[in-house]
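Scroll down for the structure; my scribbles are underneath it.
This one's a predicted model, so the numbers in the text were calculated from it and none came from an experiment. One is the number of the first residue; the rest follow in order along the sequence.
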Amino acid sequence: MRSTGHIRQRTPGSWELRYSLGCDPATGKRRVATTTVQGKRRDAEKELRRLLRTLDTGEHVDPTRITVREWLVAWLNAVRGEISPKSHERYSEIAENFLMPALGNRGLSAPTRRYIHTVLKSALTRAVEQQVLVRNPADAFKRRLPKVERKEIVTLTAEECERLLESIKDTRTYWPVLLALATGMRRGEILALRWKNVDLDRSVLRVVQSLEQTKTELRFKDTKTSRSRAITLPTFAVEELRRLKREQTEELLALGVRQTGETLTCCRADGEPLQPRSVTHLFILLRGRVKNLPRVRFHDLRHSHATQLLADGVHPKVAQERLGHSTITTTMDLYSHVTDNMQADAAERLNAAFQVAKTQLKSRK
């Protein structure tokens, strides 16, 4: 028997659709679905025809079963153990601040809009998997997402790096800054570095973990690419880390704590982890000590390290390995401002080589 339904206007521009879902096999009672459509009557008629067609084809999903809000809450609870606490915290913020209320006419940046789409699509993908939805409506917006314009990277010169380090040398923030500039490590990787992963005799350290901060906890996790990597230390960093190890040993002993391989290189006076957000906040305050210094973020110290490597002719593959990028393409794309200059330098060197060859050829005639 073909399903039927009817339309009732609730308020101007709002239409209630009611249609039969047949009888419940368990109770024998007649089931009726109700949903609302905004727009003109022909929009309501079109939607009713679509719903009735899905009943006939077996693709129908009862709109009264669950709301988007209810699904998002259930989804966030379900994925809590499948993603990192930091990602879960960010997903929850997106869902609660933007998806659950209504986006309305709020002015949102392109990155935020793309993040909203990512969260919504991920939530609705699971709804499709569990047959709450027939298809993922977020797929329709994939090609209409705004492009994110990459902001120009702000970096420090070698001279500016030296002035910065000299200015904050009397602070605990000096050590994370030193490591960022000397190795290109990420903030979380620096704060998770333990002495057992630092070989000062061979001038090498290994990046094996990262420290993550959420609203409720600090936790150690795998690196961004889930792979460890080795970084060769410059001599000035080795000398300074030797000094840090000596001073830290004395500082901890004064508190009755023994320094071991598990001790963090950059930590509080009692050996406990530094909070990543506090390091960033203190860095911004200390940065103001240095006159005529660009307004760099802590993460820009990593960019400064990479930029100096590439500008000095270090092979991009080496830079990629030090930075821990998953592919060399990431490195080349991120530091295209340097590679453009490298192209010009390569052209000049090629020109010089051809000029020498040309001169030699003429001298033989």
Under the 3.5 angstrom rule, does the side chain of Ser304 hit a backbone N or O of Thr155 as a donor-acceptor pair? no

Are the side chains of Glu89 and Lys215 in contact, using a 4.5 Å heavy-atom criterion? yes

Checking side chain to side chain contact (heavy atoms under 4.5 Å, CB included) against Leu179, which of Val198, Leu193, Ile231 comes through? Leu193

Verify whether one side chain among Gln38 and Trp15 offers a donor that lies under 3.5 Å from an acceptor in the other. no

So does Leu156 get a backbone contact from the side chain of Gln308, meaning a donor-acceptor N/O pair under 3.5 Å? yes

Using the test ring pair (Phe, Tyr, Trp, His ring centres under 6.0 Å), find all partners of Tyr115 that sit at least two apart in sequence or belong to another chain. none

Please tell me whether Lys358 and Gln355 have a donor and an acceptor in their side chains that are separated by less than 3.5 angstrom. no

Ignoring hydrogens and angles, state whether a donor on the side chain of Thr125 or Ser122 is under 3.5 Å from an acceptor on the partner side chain. no

Does Val314 belong to the same Ile/Leu/Val/Met/Phe/Trp/Tyr cluster as Leu301, with side-chain heavy atoms less than 4.5 Å apart forming each link? no

Starting from Leu120, can I reach Ile94 by hopping between I/L/V/M/F/W/Y residues whose side chains sit under 4.5 Å apart? yes

Any chance the side chains of Ser167 and Arg289 put a donor and an acceptor closer than 3.5 Å? no

Under a 3.5 Å cutoff, is there a donor and acceptor pairing between the side chains of Arg186 and Ser210? no

With a sphere of 6.0 Å drawn around CZ of Arg243, does it hold more than 12 non-hydrogen atoms of other residues, nucleotides or ligands? yes

When the ring planes of Phe283 and Phe298 are compared, do they come out parallel, tilted or perpendicular, using 30° and 60° as the limits? perpendicular

Before we go on, tell me: are the rings of Tyr19 and His6 under 6.0 Å apart, centre to centre? no

Closest heavy-atom pair, Leu218 versus Pro273, reported as atoms and distance to 0.1 Å, is CD1-CB, 4.3 Å

Would you please say whether a donor-acceptor pair under 3.5 Å links the side chains of Thr183 and Arg322? no

Establish, from distance only, whether the side-chain atoms of Glu189 and Gln209 form a donor-acceptor pair under 3.5 Å. no

